[in-house]
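This structure is a prediction, so every number in the text was calculated from the model and none was measured. Here is the naming used below: chain letters follow the sequence lines, and residue numbers restart at 1 for every chain.
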Number of protein chains: 2
Amino acid sequence: MNYSVVVVDDHFLLSQAIGGLVQKFDNFDVLYLCKNGKELLDKFEDPKNIPDLVLMDIKMPILNGIETAEKLKKDYPDVKVLALSIEEDEYTILKMLRAGAKGYLMKDTKKDILEKALLEVMLKGQYYTNNVSKILMESIEKNIDTEIKDKELEFIKLACTDMSYKEIANAMFCSYKTVEGYRDSLYKKLGIKNRIGLMLFAIQHNIFTP
Amino acid sequence: MNYSVVVVDDHFLLSQAIGGLVQKFDNFDVLYLCKNGKELLDKFEDPKNIPDLVLMDIKMPILNGIETAEKLKKDYPDVKVLALSIEEDEYTILKMLRAGAKGYLMKDTKKDILEKALLEVMLKGQYYTNNVSKILMESIEKNIDTEIKDKELEFIKLACTDMSYKEIANAMFCSYKTVEGYRDSLYKKLGIKNRIGLMLFAIQHNIFTP
DNA sequence: CAAAAAAAGGGGGATTTCCCCCTTTTTTTA
DNA sequence: TAAAAAAAGGGGGAAATCCCCCTTTTTTTG
């Protein structure tokens with residue numbers, strides 16, 4: 001009996017391609033494809049649509065990968081989730097793993113690595129590439145008390161631009177004072193003292209890639 | 001008759017190793033090794049010490065590669081200069097080429113590339129690796145009127161640090177107002193409006209590598 | 001060598017950033 | 001559901017940054 005897999009990705013071409021690959025693997029069958037998390041959860045209403053493993057993008061419209069993974073962890077804890085994304089920053093990857101993903105693959109992963117990852121997740125419960133393991137290790141070493149909120153992450157990315165805080169507030173649809181709040185809280189918890197320090201932090205943690 | 005080569009580098013181990021490589025090449029002989037530009041120019045007093053080609057580091061004590069190349073261009077225009085350095089920024093490479101170097105090689109260049117470069121410089125007058133050609137092309141496209149001075153370059157590198165301008169002035173042994181002058185002139189000629197913009201520029205042009 | 005250009009230094013004001021400490025609203029959690 | 005925590009917003013002052021315009025000294029160049 002093969003393991004059943006569902007691919008969730010808003011880029012239909014990509015999910016089709018990946019579905020095609022998975023279908024060819026010996027121990028796996030593709031059950032169906034979805035365009036976002038909402039569609040997936042709707043499908044799950046019918047128990048025969050619940051797969052062994054979900055291969056899911058992070059950035060998706062309506063219900064994104066992290067939110068979907070959290071719901072799956074709560075309501076369908078037996079379904080394994082494997083994240084599949086291009087170039088996310090360290091904190092997003094970390095959040096996806098905290099949300100219950102058993103591993104994280106780059107979209108340009110070679111097909112035998114994909115097969116290996118699928119198998120390991122089904123057999124051993126998880127699969128981490130070198131990169132991801134490194135991020136995990138570092139996050140354990142350094143960031144015990146430094147969890148960065150979504151809005152703060154968004155702010156950091158804009159702060160790596162030559163925009164003033166006033167302009168950033170505009171872009172984030174919030175008040176200037178709120179933006180100052182994000183900045184102050186980040187400066188405090190990251191132990192930095194100015195915007196250049198924030199930018200250096202962002203580069204070092206792949207939040208911003210120049 | 002083989003071409004004669006002199007290697008100039010303050011790291012004696014390295015210049016010995018490179019000298020050894022060059023000696024083995026079919027068309028080249030090593031005349032002698034030098035530790036800096038001053039030593040080289042002293043040697044040149046005796047005409048039989050003047051080689052066909054000088055393979056020279058940029059960062060050296062007493063007389064550096066750029067200054068030496070300028071003197072050679074003036075007093076010994078027939079001697080070809082090939083720069084040999086690790087990870088310099090775009091503007092330093094450009095300055096070395098303006099000073100008369102016929103090409104620029106990374107220190108970790110493979111030995112057949114080194115041989116190829118030496119031959120091409122002797123036969124065709126120049127050798128540019130892909131990287132260097134790209135920098136040259138870009139400098140022609142964009143930076144016609146933007147030449148960055150030494151002190152400005154030094155300032156940019158420090159501005160990519162979380163130091164305040166006061167601290168930078170201290171580090172550069174000059175007044176705070178002078179540093180402000182460097183900044184203002186850079187902002188004007190690069191068309192940027194704040195320190196983040198300067199940092200982005202520095203990263204894009206390999207002046208600062210995070 | 002004289003004129004021109006560049007480097008170094010400065011004054012002063014407008015703006016932005018930094019760093020506290022505070023209130024109200026929303027969200028979490030026990 | 002009540003208490004606690006977090007998010008959002010704000011006041012205000014000190015410091016840093018930005019942006020002019022100016023003088024003196026040094027260097028370059030015709």
Side-chain angles (χ1 to χ4, degrees), chain A residues 66-67 70-71 73-74 91 95 98-99 143-202, chain B residues 66-67 70-71 73-74 91 95 98-99 143-202:
Chain A
I66 292 165
E67 293 161 335
E70 271 161 0
K71 282 191 204 300
K73 184 166 74 170
K74 198 161 136 260
Y91 282 92
K95 211 145 76 194
R98 275 200 213 100
N143 309 326
I144 296 148
D145 56 343
T146 57
E147 198 184 341
I148 291 182
K149 316 287 174 205
D150 277 16
K151 297 269 189 167
E152 287 172 348
L153 206 58
E154 192 189 343
F155 163 74
I156 296 179
K157 286 173 186 176
L158 291 169
C160 292
T161 288
D162 66 357
M163 290 165 100
S164 73
Y165 293 139
K166 216 175 281 180
E167 290 170 321
I168 292 176
N170 235 37
M172 289 181 73
F173 302 107
C174 68
S175 102
Y176 169 68
K177 274 296 173 181
T178 305
V179 165
E180 285 207 304
Y182 296 147
R183 180 201 56 201
D184 291 354
S185 112
L186 282 168
Y187 281 14
K188 194 176 249 177
K189 68 175 145 192
L190 302 178
I192 54 184
K193 58 183 178 185
N194 57 35
R195 201 165 155 178
I196 298 290
L198 183 62
M199 189 158 172
L200 292 169
F201 174 87
Chain B
I66 292 165
E67 294 160 335
E70 272 162 0
K71 281 192 205 299
K73 185 166 71 168
K74 198 160 137 259
Y91 283 92
K95 209 144 79 192
R98 276 200 213 99
N143 309 326
I144 297 149
D145 57 344
T146 57
E147 198 185 340
I148 292 182
K149 316 287 174 205
D150 276 15
K151 297 269 186 166
E152 287 173 348
L153 206 58
E154 190 188 344
F155 163 74
I156 296 178
K157 286 173 185 175
L158 291 169
C160 291
T161 290
D162 66 357
M163 290 166 99
S164 72
Y165 293 140
K166 217 176 280 180
E167 290 171 319
I168 292 176
N170 236 36
M172 290 181 74
F173 303 106
C174 68
S175 102
Y176 170 68
K177 273 297 174 182
T178 304
V179 165
E180 285 207 303
Y182 296 147
R183 180 201 56 203
D184 292 353
S185 110
L186 282 168
Y187 282 14
K188 192 174 250 178
K189 70 175 140 188
L190 302 178
I192 53 185
K193 58 183 176 184
N194 56 35
R195 203 164 151 179
I196 298 290
L198 183 62
M199 190 158 169
L200 291 169
F201 175 87

Rounded to the nearest Å, what distance is computed from the [atom1] atom of residue [X] to the [atom2] atom of nucleotide [N]?
X	N	atom1	atom2	value
B:Arg195	D:dT17	CZ	C1'	9 Å
A:Asn194	C:dT16	CG	C1'	13 Å
B:Ile196	C:dT16	CD1	P	15 Å
B:Lys188	C:dA6	NZ	P	13 Å
B:Leu190	D:dC18	CG	P	13 Å
B:Lys193	D:dC20	NZ	C1'	18 Å
A:Leu153	D:dA7	CG	P	13 Å
A:Asp150	C:dT27	CG	P	14 Å

Legend entry - Any donor-acceptor pair under 3.5 Å from A:Arg195 side chain to A:Ala159 backbone: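 Yes; judged by distance alone, with no hydrogens or angles, the pair exists.
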
Inset, instruction - Decide, yes or no, whether a salt bridge links A:Glu152 with A:Lys189 under the criterion of side-chain N to carboxylate O below 4.0 Å. - result: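 Salt bridge present between A:Glu152 and A:Lys189.
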
Inset, instruction - Salt-bridge test for A:Arg183 and A:Glu180: reply yes if a basic N is under 4.0 Å from a carboxylate O, no otherwise. - result: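 Between A:Glu180 and A:Arg183 there is a salt bridge, with a charged N closer than 4.0 Å to a carboxylate O.
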
Legend entry - Sugar-phosphate only, base, or nothing, as touched by B:Lys151 at under 4.0 Å among non-hydrogen atoms: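 The residue B:Lys151 makes sugar-phosphate contact but no base contact.
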
Inset, instruction - Please work out which residues in residues 173-187 of chain A have a non-hydrogen atom less than 4.0 Å from an atom of DNA chain D and list them by number. - result: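 Heavy-atom contacts with DNA chain D come from A:Cys174, A:Ser175, A:Lys177, A:Thr178, A:Tyr182.
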
Legend entry - Positions of residues 154-171 of chain B (non-hydrogen atom under 4.0 Å from DNA chain D), listed by number: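 Contacts with DNA chain D under 4.0 Å: B:Ser164, B:Tyr165, B:Lys166.
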
Inset, instruction - Apply the side chain to side chain contact (heavy atoms under 4.5 Å, CB included) test between B:Phe201 and each candidate in B:Leu186, B:Ile196, B:Ile148; give the one that qualifies. - result: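 It is B:Ile148; the other options fail the test.
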
Inset, instruction - Would you mind pulling out the nucleotide paired to C:dT23, Watson-Crick or G-U wobble, both distances under 3.5 Å? - result: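 When the pairing criteria are applied, D:dA8 turns out to be the nucleotide that pairs with C:dT23.
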
Inset, instruction - Give, for atom CD of A:Glu67 and atom NZ of A:Lys71, the distance between the pair rounded to the nearest 0.5 Å. - result: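 Going from the CD atom of A:Glu67 to the NZ atom of A:Lys71 covers 7.0 Å.
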
Legend entry - Contacts of type side chain to side chain contact (heavy atoms under 4.5 Å, CB included), residue A:Ile192, not counting sequence neighbours: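 A:Ile192 satisfies side chain to side chain contact (heavy atoms under 4.5 Å, CB included) with A:Tyr187, A:Leu190, A:Leu198 only.
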
